[in-house]
Novice: 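I'd like to ask some things about the structure below.
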Amino acid sequence: MPDDLELSKGGAPQQKPRGDDDVLTTAQGAPIADNQNWLSAGPRGPQLLEDHIAREKIFHFDHERIPERVVHARGYGIHGHFELKKAIPEYSSAAIFNEVGEKTPTFTRFSTVAGNKGSPDLARDVRGFATKFYTKQGNWDLVGNNIPVFFIQDAIKFPDLIHSAKPAPDRGFPQAQTAHDNFWDFVSLSPESMHMIMWIMSDRAIPRSFRFMEGFGVHTFRLVNAKGEAKFVKFHWKPKQGLQSVIWNEALKINGMDPDFHRRDMWDSVEAGDFPQWDLGIQMFDEAFAESFEFDVLDATKIIPEEQVPVEIIGTLTLDANVDNFFAETEQVAFCTQNIVPGIDFSEDPLLQGRNFSYLDTQLKRLGSPNFTHIPINAPKCPVHNFHQDGHMAMTNPKGRANYEPNSWSGDMDDNREPRGPRASAERGFTSYEAPVAGPKVRVRSETFADHYSQARQFYISQTPVEQTHMGNALVFELSKVERMDIRKRMVGHLRNIDDGLAKVVADGIGMTEMPPAATPARQPITDLPESPALSILKNGPDSFKGRKLGIYIAEGGDADMVRALQEAAKSAGAMVEIVAPHVAGAKLSDGKMMAADQKIDGGPSVVYDAVALVMDEAAARNFGEDKPSSDFVSDAFAHSKFIAYVPEAMALLEGAGVAKRMDDGFIELSKPAAAKDFIARCAKLRFWDREAVKKD
Ligand code: HDE
């Protein structure tokens, strides 16, 4: 490799950081004498086309963009590795699943679905959770979401679904949101989407961070062992950090304050060495279970409740390195559901089968060449031998005369040995599981896919009252943005088949005077499915404040010991701290020393913190009561049910923010530094939800 190049984390040759003594060159390596002025005919004359240096620079700039992903355009990628904790040779012959301790390098990209590349992170949306495992037997891509079901049952409906969610073709808005007529029109005409609607109206669609959400392979896949025996499997990612979401009003404000909230969170925690981890779980089941299950296991609008088939943990994913270059890695990574390895196989899920075409196809459009596998982030980390050749940007080309198979060019040509060279191997190669399939060629939806409401109801009844309230609010918000009355009615008609109470809340919330009739179901819903606690976020929260962020609002004269006690308590709980102050230069505390701030108050609102503390003297508190960013800091933290710690001197700010008379057990007075520890211990609950219950009454 030339001296000025090194390998990036993604394995790509990259330029070493540009040094002080380096001379600027053209792309051809020719040194440049002037990078400020285009060659012209005299100092005030027209520019000359002869300027090959300027032309090359502009030419390159003009072609910097590649098409963004048609869905999941907004994403963020991180390197990591998967370590196997439990070998499962009885289920799968895949090398990645066979040796405990085996570490497989990975690249994971999280994303939103509907928004463009530059859209805000906190859109109400599904999050993509795609992992490329660079296994010894080739790349395995598990291209999943943070929600275990999908809107539609057949891939042929995908373009319609996505068109309806994306900006309308005439006006080009709204961006990155589903709160508009087209989306609700489509889903209200597609009852199969009702289960997914329940999920996206829940707080699952507004995660606090990528680190605090689950991931799901969604479809049923197969694992196949060395004897060729197969079982069905569903893949689950369980965040070791616990689940956490924000609430809608917070999401709206975060989008304004920090549209990069999720990517910044990931970058910061990885840079701080607080590496997020997920356990990989498998739900294994056989044909007999599939036969007896209430729903079709090939239907991607259904889950198999964990209480019915337990999730077995087999390994852990650790994300431990940010990318060196966003474009080279995050933007160019090409996930394909068709990328599987021996020991893993597809099921006949019609959505999965459609995806297997789409992902390969879309890479050609985005990356411009069938050689996208030569791009280092996509290249396997195991040997690759085949006879594909040529094409745009072919980077890793074979040496030698043979470009077909079988051939006899390898080895000695005049001995009697069999010709060699890369050959297919029945023992080591991928073999499709011999699933029996037969049937007439038809375009029909299987009768076994006809239930659209039972699991939607099961999801709803499995939520805590706080979560159910959020779902009702979300539906009211979204349907209030729908202009057409018939669409609103159609939606409430569907909700009546899910839960009449929810339908009533929504109808009232949008001012519907008459309850529309329930939609006619294709199949009568089952109304007595048991609750599944695994479906609730709040029932699966963390047990500590680890990985969360405390915002301490300090001002002149604030108690220095208290600030330090808070910092230490948060640090020992594994949490991050940011100091917020009226000026970015910080504030002079009670010990007479300046403490630098991470944020000026206008740019450090409480919505970007999990809990807040106020440490200031009385005069400052009184002043801030009138200051909008300061009073919002407190009133928003209150409205979002956050824990609020305060030194007694800060009372005037609580009064100014209008919360002093409504103080509850979510407020912790910091009378002496020892109280800091208790406060952080309380924060493990993340939110003081009782406050919401009071607000409702
Ligand atoms: Fe995708 N999806 N999808 N999808 N999807 C894409 O591929 C598609 C579906 C998912 O970070 C595209 O490379 C069809 C389900 C993720 O790069 C495209 C259907 C699930 C990502 C595509 C689905 C997903 C994509 C666009 C209906 C969860 C981002 C760019 C059958 C299990 C991957 C690209 C990344 C991306 C097609 C439905 C997850 C167009 C046709 C269900 C996480 O190929």
Side-chain angles (χ1 to χ4, degrees), residues 66-79 106-117 125-132 139 141-166 186 190 192-193 195-196 199-200 204-205 207 210 213-221 233-237 262-263 266 298-303 319 323 326-327 329-340 346-368 372-373 375 377-378:
I66 63 170
E68 67 172 36
R69 288 165 175 80
V70 62
V71 282
H72 296 264
R74 171 96 180 154
Y76 208 61
I78 311 100
H79 296 278
T106 58
F107 189 72
T108 298
R109 185 175 178 273
F110 300 104
S111 48
T112 52
V113 179
N116 291 148
K117 233 180 107 181
D125 200 352
V126 188
R127 298 297 182 290
F129 189 139
T131 298
K132 193 179 278 294
N139 291 349
D141 293 356
L142 183 57
V143 196
N145 280 342
N146 74 331
I147 288 179
V149 288
F150 203 62
F151 294 96
I152 48 171
Q153 296 171 322
D154 192 305
I156 201 166
K157 296 192 73 169
F158 192 64
D160 301 300
L161 165 73
I162 299 302
H163 288 175
S164 81
K166 289 253 185 189
F186 176 81
S190 310
E192 69 203 68
S193 57
H195 187 193
M196 181 70 165
W199 284 81
I200 61 164
R204 297 258 179 178
F210 296 134
M213 59 187 207
E214 289 179 299
F216 303 91
V218 177
H219 311 282
T220 294
F221 290 85
V233 63
K234 278 189 181 277
F235 294 106
H236 295 246
W237 290 116
H262 280 165
R263 53 177 62 189
M266 183 56 83
L298 302 182
D299 173 359
T301 68
K302 304 294 184 300
I303 57 161
L319 302 185
V323 296
F326 183 86
F327 178 82
E329 295 154 59
T330 306
E331 200 52 22
Q332 291 198 117
V333 66
F335 292 97
C336 295
T337 53
Q338 59 156 29
N339 290 355
I340 52 171
F346 310 120
S347 73
E348 291 73 35
D349 175 341
L351 203 65
L352 174 61
Q353 301 266 332
R355 293 178 74 199
N356 289 341
F357 165 75
S358 181
Y359 289 68
L360 181 61
D361 187 46
T362 206
Q363 309 313 345
L364 192 59
K365 171 78 183 171
R366 279 202 331 110
L367 300 167
F372 69 86
T373 53
I375 299 174
I377 195 70
N378 296 319

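Ligands are counted one by one from 1 in listed order, and the atoms in each one are counted from 1 as well. Excluded from the calculations below are hydrogen atoms, water molecules and symmetry mates; all remaining heavy atoms, backbone and side chain alike, are included. Numbers here simply count residues along the sequence, with the first being 1.
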Novice: Does one side chain, of R355 or H219, offer a donor that lies under 3.5 Å from an acceptor on the other?
Specialist: yes
Novice: Yes or no on side chain to side chain contact (heavy atoms under 4.5 Å, CB included) for L351 and Q153, after CA distance, side-chain angles and deciding distance?
Specialist: CA-CA 6 Å; L351 203 65; Q153 296 171 322; over 6 Å; no
Novice: With heavy atoms of L351 as the reference, note each atom of ligand 1 found under 4.0 Å away.
Specialist: 27 (C), 31 (C), 42 (C)
Novice: Under the side chain to side chain contact (heavy atoms under 4.5 Å, CB included) test, which residues partner I162, sequence neighbours left out?
Specialist: V71, V113, F158, K166
Novice: Looking only at protein heavy atoms, which one is nearest to atom 17 (O) of ligand 1, and how far off is it?
Specialist: R69 NE, 2.7 Å
Novice: Quick one: which ligand 1 atoms are inside 4.0 Å of a heavy atom on A155?
Specialist: 31 (C)
Novice: Which heavy atom of S347 sits nearest a heavy atom of L298, and at what distance?
Specialist: OG-CD2, 3.6 Å
Novice: Does G144 come within less than 4.0 angstrom of ligand 1, counting non-hydrogen atoms of the residue?
Specialist: yes
Novice: What protein N, O or S atoms come within a distance below 2.8 Å of atom 1 (Fe) of ligand 1, ordered by chain and number?
Specialist: Y359 OH
Novice: Tell me: protein heavy atom nearest atom 34 (C) of ligand 1, and distance?
Specialist: T362 CG2, 3.4 Å
Novice: Calculate, to the nearest 0.5 Å, the distance between atoms CD and CG belonging to Q338 and L352 respectively.
Specialist: 11.0 Å
Novice: What's the separation between atom CZ in F150 and atom OG1 in T301, rounded to the nearest 0.5 Å?
Specialist: 11.5 Å
Novice: List ligand 1 atoms under 4.0 Å from V218, heavy atoms only on the residue side.
Specialist: 28 (C), 32 (C)
Novice: Which residue is it: I377, T108, V333? I am looking for the one with a side-chain contact (heavy atoms from CB on, under 4.5 Å) to K132.
Specialist: V333
Novice: Hey, are T373 and N378 close enough side-chain-wise for a donor-acceptor pair under 3.5 Å?
Specialist: no
Novice: Backbone or side chain, does any N or O of R109 fall under 3.5 Å from an N or O of ligand 1?
Specialist: yes
Novice: Hey, is ligand 1 close enough to Q363 that some N/O pair sits below 3.5 Å?
Specialist: yes
Novice: Check the pair F107, T330 against side chain to side chain contact (heavy atoms under 4.5 Å, CB included), reporting the backbone distance first and the verdict last.
Specialist: CA-CA 9 Å; F107 189 72; T330 306; 4.0 Å; yes
Novice: Using the test side-chain hydrogen bond (donor to acceptor under 3.5 Å, both in side chains), find all partners of R74 that sit at least two apart in sequence or belong to another chain.
Specialist: D121, D260
Novice: Check side-chain hydrogen bond (donor to acceptor under 3.5 Å, both in side chains) between T112 and all other residues, then give those that pass, not counting sequence neighbours.
Specialist: none
Novice: Considering non-hydrogen atoms of the protein only, which is the closest contact for atom 33 (C) of ligand 1, and what is the distance?
Specialist: F335 CD1, 3.9 Å
Novice: Give me the nearest non-hydrogen protein atom to atom 28 (C) of ligand 1 as residue plus atom name, then the distance to 0.1 Å.
Specialist: N145 ND2, 3.1 Å
Novice: Can you tell me which residue and heavy atom of the protein come closest to atom 40 (C) of ligand 1, and the distance to 0.1 Å?
Specialist: V70 CG1, 3.4 Å
